[in-house]
> 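Following this message is one structure expressed as structure tokens.
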Amino acid sequence: MSDTITGSSVRVRFAPSPTGKLHVGGARTAIYNWAFARANGGTFVLRIDDTDPTRSTEENTQVILRAMRWLGLDWDEGPDVGGDHGPYFQTECLQLYREAATRLVAEGKAYYCFCTPEKLAADRKAAQARKDPFQGYQRTCRHIDPAEAQARVDAGEPYTIRVKVPLDRGDVIVHDAVHGDVTFNARDLDDFIIFRSDGTPTYNFATVVDDARMGITHIIRGDDHLSNTPRQVIVYDALGAPTPVFAHISMILGSDGKKLSKRHGATSVEEYRDAGYLSDAFVNYLALLGWAPDGESTVIPRERISSEFSLDHVSRNPAIMDPKKLDFINGEYLHAMDDTTFVHDILLPQLAAAGIDDGTSHDEAWYLLAAQAFKPRCTLSADVLAQAAYLYTADNELAYDPKAVKKWLAKQGAHEALCAAGEALASLDDARWTPDAIERALDPLPERLGMGKGRVFQPVRVACVGGAASPGIGETLALLGRTGTLARIEYATSLAL
Ligand code: GLU
């Protein structure tokens with residue numbers, strides 16, 4: 001990046017329109033802006049582009065702010081935190097846009113246009129009919145004498161304001177940090193509207209006025225905006241403001257190669273949060289959708305993202321959403337959590353939300369043991385509920401998995417194994433009811449009974465858990481407790497051959 005403004009002068013912004021929830025594409029754009037600011041010791045600005053009054057709502061703004069907070073993307077300037085470059089809501093800037101547009105008119109860089117919609121439609125039709133390669137606005141009002149135009153405005157005639165694209169402008173070359181130099185033919189650009197007749201600015205104008213007054217140095221956004229960029233460059237030129245560095249990042253596609261949409265499942269950040277993904281894992285996953293510090297790492301903690309992020313390593317290829325990779329990464333973060341954090345951030349909130357345990361049913365040691373046992377077996381937070389279900393079921397209401405029953409209980413020898421296990425375990429009193437002691441009590445049985453380990457321990461597991469999978473038998477039974485274990489084993493003997 002040749003004309004980059006580097007060091008702590010870096011200022012980037014994320015500028016969502018509150019017309020809906022924060023989607024994964026927007027979230028990734030936010031992450032890249034945040035990480036770029038952090039990696040360069042710069043400033044991350046959050047701006048709410050709420051100029052579309054029909055689709056922007058206060059509720060959506062709050063949803064977006066909440067999602068940003070959940071993602072842990074702290075902004076240095078913007079809503080709630082303020083800053084020296086406010087306002088940070090576009091609706092509060094309408095007067096600024098008006099002044100900027102009027103100033104351009106006064107400087108001869110923009111002009112009032114009085115063409116009616118009917119006239120514009122007729123001009124377009126005529127240009128089509130004569131196969132004019134230029135089908136844009138025919139610059140009719142560009143030639144009106146400024147004093148006359150001003151008089152018509154003063155007399156109350158409806159007008160728009162159009163920017164004067166310099167006729168000798170030549171190509172507009174966008175220096176894009178991801179796509180390289182992208183050349184647009186300036187002759188294809190008409191004198192586009194910057195200010196509508198209803199007194200509102202167009203997106204291409206408002207965004208540049210704001211980016212310029214906020215001193216934004218790098219614009220990192222989705223490549224659906226690449227086609228707007230030459231127009232924005234024209235506005236920067238007209239305003240006499242330096243053009244920032246652009247970085248247009250690829251779209252996120254579903255696994256079928258189509259633009260990500262509801263059809264592919266969850267699309268909003270909230271949905272992922274509610275599905276139990278961890279913020280750190282989600283940010284890690286999204287950061288890797290189009291960026292990689294090296295070719296290998298999959299688990300990249302946010303500290304690494306925010307210190308190593310660079311636009312040089314952003315890919316221009318479309319990124320494909322891969323739910324399996326997201327799950328994998330989420331599992332890695334869960335597994336890396338220490339047990340105490342797992343108890344308080346995952347296990348207890350999940351149990352409370354399911355309404356089965358308010359955190360007072362057991363002591364801290366028991367919950368820690370549960371964390372130790374279940375954590376390695378969880379990919380998502382909510383998985384812990386399925387793991388713990390056998391502990392929150394009455395002994396006589398345990399549901400047995402028919403396949404597990406068939407495979408392990410309805411087998412010759414199962415009855416004998418259960419009786420032996422029941423006897424060995426009954427010899428342990430409550431005080432010795434620990435994973436180690438349980439394992440030591442059960443260990444000698446396979447040899448004594450002349451059976452394989454599976455044939456002894458699996459019937460015990462099915463008897464106590466209802467299925468064939470659970471953590472180690474010592475932990476599984478220690479959590480269940482002595483009374484429950486013995487009762488379930490005894491009941492299962494009646495099912496076993
Ligand atoms: N409010 C615009 C959007 O959400 C911002 C685009 C931009 O970054 O310039 O698409």
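Whatever order the structure lists ligands and atoms in, that order sets their numbers, starting from 1. In this text, all values refer to a predicted model and were calculated from it rather than measured experimentally.
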> Pull out every atom of ligand 1 sitting under 4.0 Å from any heavy atom of Y203, numbered as shown with elements.
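The list of qualifying atoms is 6 (C), 7 (C), 9 (O).
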> For the pair F114 and Y159, name the ring-plane relationship: parallel under 30°, tilted 30 to 60°, perpendicular over 60°.
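Plane angle over 60°, so perpendicular.
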> Report the residue from D190, L189, T160, I193 that forms a side chain to side chain contact (heavy atoms under 4.5 Å, CB included) with Y137.
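Running side chain to side chain contact (heavy atoms under 4.5 Å, CB included) over D190, L189, T160, I193 with Y137 returns exactly one hit, D190.
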> Identify, for atom 10 (O) of ligand 1, the protein heavy atom at the shortest distance, and state residue, atom and that distance.
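Going by distance alone, atom 10 (O) of ligand 1 is nearest to H225 NE2, 2.8 Å.
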> Could you tell me, atom by atom, which parts of ligand 1 come under 4.0 Å of a heavy atom of T207?
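Answer for ligand 1: 9 (O).
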> For atom 5 (C) of ligand 1, what is the nearest protein heavy atom, given as residue, atom name and distance?
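Nearest protein contact, heavy atoms only, for atom 5 (C) of ligand 1 is A15 O, 3.3 Å.
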> Please determine if I219 has a nitrogen or oxygen closer than 3.5 Å to a nitrogen or oxygen of ligand 1.
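No - when backbone and side-chain N and O of I219 are compared with those of ligand 1, no distance drops under 3.5 Å.
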> For a quick check under 3.5 Å, do D339 and Q372 share a side-chain donor-acceptor pair by atom type?
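No donor-acceptor contact under 3.5 Å links the two side chains.
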> Only heavy atoms of R13, strictly under 4.0 Å: list the atoms of ligand 1 that pass.
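Under 4.0 Å from R13, ligand 1 has these atoms: 7 (C), 8 (O), 9 (O).
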> Just by distance, no angles: are the side chains of H248 and D224 close enough, under 3.5 Å, to form a donor-acceptor pair?
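Their side chains do not contain a donor-acceptor pair, so the 3.5 Å distance test is not met.
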> Suppose I only count heavy atoms of D49 and a 4.0 Å limit; which atoms of ligand 1 are within that range?
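Those qualifying, in numeric order: 1 (N), 2 (C), 5 (C).
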> So, for W34 and F14, is the gap between ring centers shorter than 6.0 Å?
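That pair fails the under 6.0 Å test.
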> Give the numbers and elements of all ligand 1 atoms closer than 4.0 Å to a heavy atom of R221.
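The atoms of ligand 1 under 4.0 Å from a heavy atom of R221 are 7 (C), 8 (O), 9 (O).
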> Are R47 and Y88 in a cation-pi contact, defined as NZ or CZ under 6.0 Å from the six-membered ring centre and within 45° of the axis?
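So R47 doesn't make the cation-pi contact.
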